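Order of the sequence lines fixes the chain letters, A, B, ..., with proteins taken first and strands second; residue numbering starts at 1 for each chain. In this text the structure is predicted, and so the values were computed from the model without any measurement.
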2 protein chains.
Amino acid sequence: MELSQLRTLIHVAELGSLSKAADRLHIAQPALSRQVRMLEEELGFALFLRHGRGMVLSEQGKEVLTHAMRVMAEIDEIRATATPADAPLTGEVAIGLPPTVADIISLPLAAAFGKAHPKAKLRLVSAYTGYLLDWMHRGEVDVAVLYDPRMARSLRSRPLLLENLFLIGPPDAGFSTVRAVSFASLAGKRLLLPSIKHGLRIIVERCATDAGITLDVGIEADSYSALKDLVRNGHGWTILPLAPIHADVTAGLLTAAPLIDPVPVRRLILAYPADRPASRLARFAGQAIEDVVKDLVGRAVWVGQLLGPPP
Amino acid sequence: MELSQLRTLIHVAELGSLSKAADRLHIAQPALSRQVRMLEEELGFALFLRHGRGMVLSEQGKEVLTHAMRVMAEIDEIRATATPADAPLTGEVAIGLPPTVADIISLPLAAAFGKAHPKAKLRLVSAYTGYLLDWMHRGEVDVAVLYDPRMARSLRSRPLLLENLFLIGPPDAGFSTVRAVSFASLAGKRLLLPSIKHGLRIIVERCATDAGITLDVGIEADSYSALKDLVRNGHGWTILPLAPIHADVTAGLLTAAPLIDPVPVRRLILAYPADRPASRLARFAGQAIEDVVKDLVGRAVWVGQLLGPPP
DNA sequence: ATGAGCTATCGAATATCATTATATCTGGTC
DNA sequence: GACCAGATATAATGATATTCGATAGCTCAT
């Protein structure tokens, strides 16, 4: 088995054609034909199914492909060993972020990448934790911030932040971040919250139960920018982390107050896929996220308790 | 970069000598010299430090080595793709087990391997969770059963079993597995327990606190076979999972009773290293362990609650 | 039916790699 | 301090593999 054969496999599988792959790799097509054939002979089964217009991976071929891609990732790591740890890297990394988190850290994160690895291609994927989990397993996302799914069995994760949730109202509600509001006082107040499918809603409902009240939810909105707009226009209050609406608060468009008795908190984790080692860029991304979060918490833009990993 | 170069790197690094590696690989020494040199030229740094009696890895070389080994593991997986999922595999796998667990599952585990993969080399490593964690990180263990360390950040783990701990006494204590004993009734009784460093002792102490009593620990013994012998000879009672002493109980050498109020339980997890994908053999080992545990619990040899992973 | 587009095969040219023989280096020993 | 043993590096050579261009054979779409 040769590395060139694996590389050929990867490109042919992607392009679905020997000739196209030959074109891309700048080597003649018969060479690729031979490489594929030899690999198939060595393994004893067909990697591709030929059909007059090209070739597609067989089932076993798909499995081999995943391993081949891992091999190439390792080879890249070996090449990267040459360069010092903080040298600019190239390549791609996909970072998954929940929408509320993306809003607040996308900018500083991109800045950190621009400074440290200007040639690296950054893909910021904003989606709900459920989707992110799925994409992570499928290898389309390399690192992600998740709301603790408590079933991180196929993930490698480290705790990131225990973020406090704030009561958000329009300016005339007169909330202040230094004057806490008890959860019980929400009884009877009209609230705007995401639907029960959201982790955030579940947390809020549990707090309501603990406080011995039931919530009066006027409107359910899953989009949090919709929530913001509705609150700003006086349709009620909502409960969100402070970070993504911090700018609105300082601009006087919204007001926010800490909640207590109980304090609603949401646990954020930083997760890597467990079925393959994280690339250098992915590790850098994770570190950068931690740094950004630390900075935001230090500047009280994001309110919560930093969770370092156990030493 | 070629696979042969990486294989050479691995063997030379292990043997510390080009000539010895040449001997083992059945190729001439200059060939290896050339391969190493070419790899070094491609990477642009020294993989080995030459010193008249051989060569040792440089710091960067060590890092490259870990990647090279992963590459080889992936190549092995590709080769294994050829054979159907349940075909006999070859190779090696190291399984880490806490002593009490090793005692009860080593035999059926070895039997399962003998039947399914007779040519595979099995290494059963029996040690405390702390050591197993360490060895797992260093790549010397491929799968392990652990007492939940609750800090499995660099592990991929799945819950295995919530095992109940039993009160163990000599035959004349007259315990029965169908007659529960309350924790509170242990007050004033002479107990033999492992030292506080052990997870088991911590659990027992917490239960004692919950039950509002303090334990009278006569002898501390970390070796659990020593514990068994001491109990058998009337030096006191101890608290252990049922499984490893099940044979003694059926043989009438010891008696055991379930404890309640509270029920002391220990959480077992099945863990794989997270920094590299598990090999087929490792996955088989994990599956075999789950099967064995399931069987033992079904036959009431091991008393506890099976913890399937969430679907 | 026919042509476009693809893969498989063949032989010659080329490049690559392993081998043998030998030179060079290093570290310990007398 | 010179020598020797054991190890790595180098050179020349021959065997082996790989690539390339040309071409045959196949499949699908028009």
Side-chain angles (χ1 to χ4, degrees), chain A residues 1-62 64-65 68 71-72 75 78-79, chain B residues 1-62 64-65 68 71-72 75 78-79:
Chain A
M1 199 177 314
E2 295 299 324
L3 284 181
S4 61
Q5 294 169 348
L6 297 183
R7 184 173 37 246
T8 298
L9 164 70
I10 291 173
H11 285 103
V12 173
E14 181 189 338
L15 297 173
S17 154
L18 276 185
S19 340
K20 292 207 183 77
D23 196 32
R24 175 191 285 184
L25 297 173
H26 304 295
I27 49 185
Q29 169 266 323
L32 299 193
S33 177
R34 194 183 119 94
Q35 289 186 0
V36 172
R37 180 167 50 80
M38 301 225 80
L39 189 52
E40 287 180 323
E41 280 173 9
E42 177 177 350
L43 295 178
F45 58 86
L47 248 22
F48 290 94
L49 304 173
R50 279 76 166 168
H51 72 106
R53 301 306 212 136
M55 44 214 308
V56 291
L57 277 176
S58 66
E59 274 311 307
Q60 291 170 308
K62 285 180 195 167
V64 172
L65 176 65
V71 167
M72 287 310 171
I75 299 291
I78 289 179
R79 292 229 161 80
Chain B
M1 198 177 315
E2 295 300 323
L3 285 181
S4 60
Q5 294 169 349
L6 297 183
R7 184 174 39 247
T8 298
L9 163 69
I10 290 173
H11 284 102
V12 173
E14 181 190 337
L15 297 172
S17 153
L18 275 186
S19 340
K20 291 207 183 75
D23 195 33
R24 174 192 285 183
L25 297 173
H26 304 296
I27 49 186
Q29 170 265 322
L32 300 192
S33 176
R34 192 181 120 96
Q35 289 186 0
V36 171
R37 181 169 50 78
M38 301 218 81
L39 189 52
E40 288 179 322
E41 279 173 8
E42 178 177 349
L43 295 177
F45 58 87
L47 250 19
F48 291 92
L49 304 174
R50 280 75 166 167
H51 72 109
R53 303 304 214 137
M55 44 213 307
V56 291
L57 278 176
S58 66
E59 275 310 308
Q60 291 170 309
K62 286 181 194 167
V64 172
L65 176 66
V71 167
M72 287 309 170
I75 300 292
I78 290 179
R79 293 227 160 80

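Checked against side chain to side chain donor-acceptor pair (under 3.5 Å), Gln5(B) has no partners two or more places apart in sequence or in another chain. With sequence neighbours left out, the side chain to side chain donor-acceptor pair (under 3.5 Å) criterion links Gln60(B) to no other residue. Judged as a salt bridge (charged side-chain N to carboxylate O under 4.0 Å, His left out), and not counting sequence neighbours, the contacts of Glu42(B) are Arg79(A). For Arg7(B), there are no side chain to side chain donor-acceptor pair (under 3.5 Å) partners at least two apart in sequence or on another chain. With sequence neighbours excluded, the residues satisfying side chain to side chain donor-acceptor pair (under 3.5 Å) with Lys62(A) are Glu59(A). Listed by chain and residue number, nothing satisfies the salt bridge (charged side-chain N to carboxylate O under 4.0 Å, His left out) test with Arg34(B) (two or more places apart in sequence, or in another chain).
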Sequence neighbours left out, cut at 3.5 Å: what donor-acceptor pairs do the side chains of residues 21-31 of chain B make with other protein atoms?
{"residue": "Arg24(B)", "atom": "NH1", "partner": "Glu14(B)", "partner atom": "OE1", "Å": "3.3"}
{"residue": "Arg24(B)", "atom": "NH2", "partner": "Glu14(B)", "partner atom": "OE2", "Å": "3.3"}

Per-nt protein contacts along nucleotides 15-30 of chain D (heavy atom under 4.0 Å; B base, S backbone sugar-phosphate only, - none) come out as ---SBSBB----S-S-
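Taking a heavy-atom distance under 4.0 Å as the criterion, the stretch of DNA chain C touched by chain A extends 5' to 3' from dG5(C) to dT9(C).
Rounded to 10 degrees, the angle between the two end axes of the helix from dA1(C)-dT30(D) to dC30(C)-dG1(D) is 20°, with five pairs used at each end.
Within residues 6-18 of chain B, the residues approached by DNA chain D to less than 4.0 Å at the level of any non-hydrogen atom are Ser17(B), Leu18(B), in residue-number order. Within residues 40-48 of chain B, no residue places a heavy atom under 4.0 Å from DNA chain D.
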